[in-house]
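Take a look at the structure below.
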Amino acid sequence: MDLMRAARLHIPSHTLTIEDVSRPVPGAGQVLVKVEAAGVCLSDVHLIDGTLTPTHLQADTVTLGHEVAGTIAELGPDVTGWTAGQRVVLQAGEVRDGRLLTRGVDYDGGWAEYALASTGTLFALPDTLPIEQAAIIPDAVSTPWGAITTTAEVRPAQAVGVWGIGGLGAHAVQLLRTVGAYPIIAVDPVPAARRRALDFGADLALDPIDPQLREQVLAATDNRGLDAAFDFAGVTAVREQALTVLAPKGRLVLVGLTDKPLTVTDGTRFSYLQHQILGHYGSEDNAVPQLVALTEGGRLDFSRSITDVLPLAAAAKAVQRLHTKEGDPIRLILRP
């Protein structure tokens, strides 16, 4: 029996261990991918600490990792159109039996030497795109891309706000600049995160505890407020603050995940201004190939996004670094 190393999370005990497990064998319509790079996401941290719980996992243990890129190692029966050795990035999930399942949450992911993937979740990578940068496109880049282009439907010259300039929020700033939003206002309590927001293209970076925040947002938007506000933090105070600076018909898009209740303090004002609150999760199937094409074409550059590359054995250390924000990481990559 062929074995491989994998980072396995035991859900009931919140225990992450590196184990030897059976190397999976691709079935019909599947390929086996040799993992070359796998991103570490804040949602992985929340899975480990129990803040998030898998909805559709059939067991009590799962291999983490939903941002995965590598090379095809083996083709399943009757698979055509793909070849061994081909560089690929994997979609972060797929629909099975009418349910959206997330890789590394509801089924085994890519914090391992090898990962199974249905052919419908594969996207070929150009040789010019480094594998570490490719790995973070599903989720770290595609989730804010979907929030911006599909859920919020941001148009050029619309005023936008981004709360939480971490792995997703930093990319949101970059993507909002790409689609022509203006002004882009970033909000984060951490000075390093505010500096990063400006580096990534924000026009203004504010501290959420600044008593002049509302006045500054209004001054930057000709007294209108924000057409769209994005919560990448999943924090109640962020959502309440964002609602106070929305323009008429403005929308608040909830991207950061939390189990805390959502409160609209002034329901009359909310209705009078025709505000909207929109939930967002993941991205459409076309997001990853769009972003790969934009990167290959020089419209996007994620070279600054890779803070560090660590071996699979250091998965727990990577999770701790992300949790404590040691070194101010945007994305940490595991390389099995």
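What you see is a predicted model; the values in this text were computed from it and never measured.
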Other cluster members, [X] - Ile/Leu/Val/Met/Phe/Trp/Tyr, side-chain contacts below 4.5 Å:
X: Ile277; value: Trp163, Ile185, Val187, Leu204, Leu206, Leu213, Val217, Leu226, Val235, Val238, Leu243, Val245, Leu246, Leu252, Leu254, Leu262, Val264, Phe270
X: Val25; value: none
X: Leu198; value: none

Which pairs pass ring-ring contact (aromatic ring centres under 6.0 Å, His included) with one or both residues in [range], sequence neighbours excluded?
range: residues 36-69; answer: none
range: residues 299-330; answer: His171-Phe302
range: residues 215-250; answer: none
range: residues 114-162; answer: none

Qualifying residues under salt bridge (charged side-chain N to carboxylate O under 4.0 Å, His left out), relative to Asp207, sequence neighbours excluded: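 Per chain and number, Asp207 pairs via salt bridge (charged side-chain N to carboxylate O under 4.0 Å, His left out) with Arg194.
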Sequence-distant partners of Asp308, salt bridge (charged side-chain N to carboxylate O under 4.0 Å, His left out), two or more places apart: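 If we apply the salt bridge (charged side-chain N to carboxylate O under 4.0 Å, His left out) test to Asp308, skipping adjacent residues, the hits are Arg321.
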Salt bridge (Lys or Arg N to Asp or Glu O under 4.0 Å) contacts touching residues 221-231 (sequence neighbours left out): Arg224-Asp227, Asp231-Arg239
Pairwise salt bridge (Lys or Arg N to Asp or Glu O under 4.0 Å) hits with a residue in residues 59-73, at least two apart: Glu67-Arg331
Only pairs under 3.5 Å count here: list side-chain donor-acceptor contacts from residues 68-84, not counting sequence neighbours, and write none if there are none.
from  : atom 1 : to    : atom 2 : distance (Å)
Thr71 : OG1    : Glu36 : OE2    : 3.4
Thr83 : OG1    : Gln86 : OE1    : 3.4

Test item: Arg96 and Tyr107 side chains (from C-beta on) under 4.5 Å apart, heavy atoms: yes
Min side-chain heavy-atom separation Thr295-Asp301 under 4.5 Å: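 Sidechains of Asp301 and Thr295: no contact.
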Heavy atoms from other residues, nucleotides or ligands near CZ of Arg177 exceed 12 (cutoff 6.0 Å): no
Which atom of Val253 lies closest to which atom of Ala152, heavy atoms considered: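 It is CG2-CB, 3.7 Å.
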Quiz item: cation-pi between Arg304 and Phe200, 6.0 Å / 45°: yes
